[in-house]
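Just so we're clear, the structure is a prediction, and the values are computed from it rather than from any experiment.
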Amino acid sequence: MRLIELRLRTALRRVLYTVLATSWATGIAFYTLRRWFQIEGDFGLETHHWQQPILQMHGAAAFAMLMLIGAMLANHVPAGWRSGRSRVHGVVLACSMSVMAISAWCLYYLGVEDIRTWIANVHLLIGLTMPIQIGVHIWIGRRFSGRAKHL
């Protein structure tokens, strides 16, 4: 097996990191505005005027992320599985990404407020840990890269 199949091409990696950073930053910004920055309006507390555009940017980044995950499923995931490198954490990362996508869909379409609150908290918790999960996945993959050359 060639090592090049495991490592993402530079352009794809840069786009992936940019989309992930955008999604992460807009998610935190949305949560912060929703939680602590309601403004007093004519009829009581209202959402901050930046909340909706930031949520729209977050959604756009999420759509881009879904396309990038599709690209990863086509090459990186099968090559990584065959190599045996970071397999366990790759599965954890794939499950986390799946829960993020499903919980985002639920937040968009479910109207039951009790369930939405629980799902929002799960989405937030996994989203906050995503940079750490990806960093650990990369670190484990690079740590064992010397072994993969000999496969």
Side-chain angles (χ1 to χ4, degrees), residues 1-37 48 50-151:
M1 159 176 300
R2 295 178 341 173
L3 183 61
I4 194 70
E5 292 175 353
L6 290 175
R7 186 173 174 96
L8 298 178
R9 294 178 189 254
T10 302
L12 178 60
R13 196 170 53 244
R14 287 180 181 160
V15 170
L16 177 65
Y17 294 161
T18 301
V19 169
L20 282 167
T22 301
S23 180
W24 192 76
T26 56
I28 289 174
F30 174 78
Y31 177 78
T32 302
L33 289 173
R34 184 173 173 90
R35 178 91 169 138
W36 292 294
F37 286 92
H48 192 276
W50 277 95
Q51 187 173 328
Q52 188 63 30
I54 287 176
L55 183 60
Q56 290 170 341
M57 289 176 12
H58 186 65
F63 275 112
M65 192 67 234
L66 287 173
M67 289 187 280
L68 290 166
I69 289 170
M72 304 280 267
L73 288 171
N75 189 20
H76 178 74
V77 173
W81 191 264
R82 286 189 306 267
S83 77
R85 289 171 42 188
S86 193
R87 189 180 284 180
V88 171
H89 197 271
V91 169
V92 170
L93 188 58
C95 288
S96 292
M97 291 286 193
S98 298
V99 169
M100 291 296 287
I102 292 166
S103 63
W105 182 87
C106 290
L107 288 170
Y108 193 78
Y109 288 108
L110 289 183
V112 182
E113 198 58 38
D114 293 340
I115 297 171
R116 287 187 92 254
T117 301
W118 184 81
I119 293 170
N121 289 333
V122 169
H123 190 81
L124 175 68
L125 179 65
I126 295 174
L128 285 173
T129 65
M130 196 57 68
I132 296 167
Q133 289 187 52
I134 292 168
V136 168
H137 182 71
I138 292 168
W139 177 75
I140 290 171
R142 289 182 179 169
R143 184 172 159 219
F144 293 108
S145 64
R147 291 183 191 171
K149 292 177 186 175
H150 301 294
L151 291 177

What donor-acceptor contacts under 3.5 angstrom involve side-chain atoms of residues 59-68, with partners at least two apart or in another chain?
none

Which side-chain N or O atoms in residues 96-103 pair as donor and acceptor under 3.5 Å with protein atoms at least two apart or in another chain?
| residue | atom | partner | partner atom | Å |
| --- | --- | --- | --- | --- |
| S96 | OG | V92 | O | 3.1 |
| S96 | OG | Q133 | OE1 | 2.8 |
| S96 | OG | Q133 | NE2 | 3.3 |
| S98 | OG | A94 | O | 2.9 |
| S103 | OG | V99 | O | 2.8 |
| S103 | OG | M100 | O | 3.1 |
| S103 | OG | H123 | ND1 | 2.6 |

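- Proximity of I140 to R85: side-chain heavy atoms (C-beta onward) are nowhere separated by under 4.5 Å.
- Across F37 and T32, no two heavy atoms sit closer than the pair CD1-O, 3.5 Å.
- Among residues two or more places apart in sequence or in another chain, the ring-ring contact (aromatic ring centres under 6.0 Å, His included) test is passed with Y31 by W36.
- Checking side-chain atoms of W24 against main-chain N and O of G127 turns up a donor-acceptor pair under 3.5 Å.
- Between the CZ atom in R34 and the CG atom in L124 there is a gap of 12.0 Å [rounded to 0.5 Å].
- Judged as a ring-ring contact (aromatic ring centres under 6.0 Å, His included), and not counting sequence neighbours, the contacts of Y109 are W105.
- In this structure, the side chains of I28 and L128 come closer than 4.5 Å at one or more pairs of heavy atoms.
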Indicate every side-chain donor-acceptor pair of residues 13-22 with a distance under 3.5 Å to a residue at least two apart or in another chain.
| residue | atom | partner | partner atom | Å |
| --- | --- | --- | --- | --- |
| R13 | NH1 | L8 | O | 2.7 |
| T18 | OG1 | R14 | O | 2.8 |
| T22 | OG1 | T18 | O | 2.8 |

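- Judged by distance alone, the side chain of N121 and the main-chain N or O of T117 form a donor-acceptor pair under 3.5 Å.
- For H58, the side-chain hydrogen bond (donor to acceptor under 3.5 Å, both in side chains) test picks out T26, with sequence neighbours left out.
- To the nearest 0.5 Å, atoms NE2 (H89) and CH2 (W139) are separated by 11.0 Å.
- Separation of atoms CZ (R142) and NE2 (H137) is listed at 11.0 Å; rounding is to 0.5 Å.
- The distance from atom CD1 of I54 to atom CZ of F30, rounded to the nearest 0.5 Å, is 9.5 Å.
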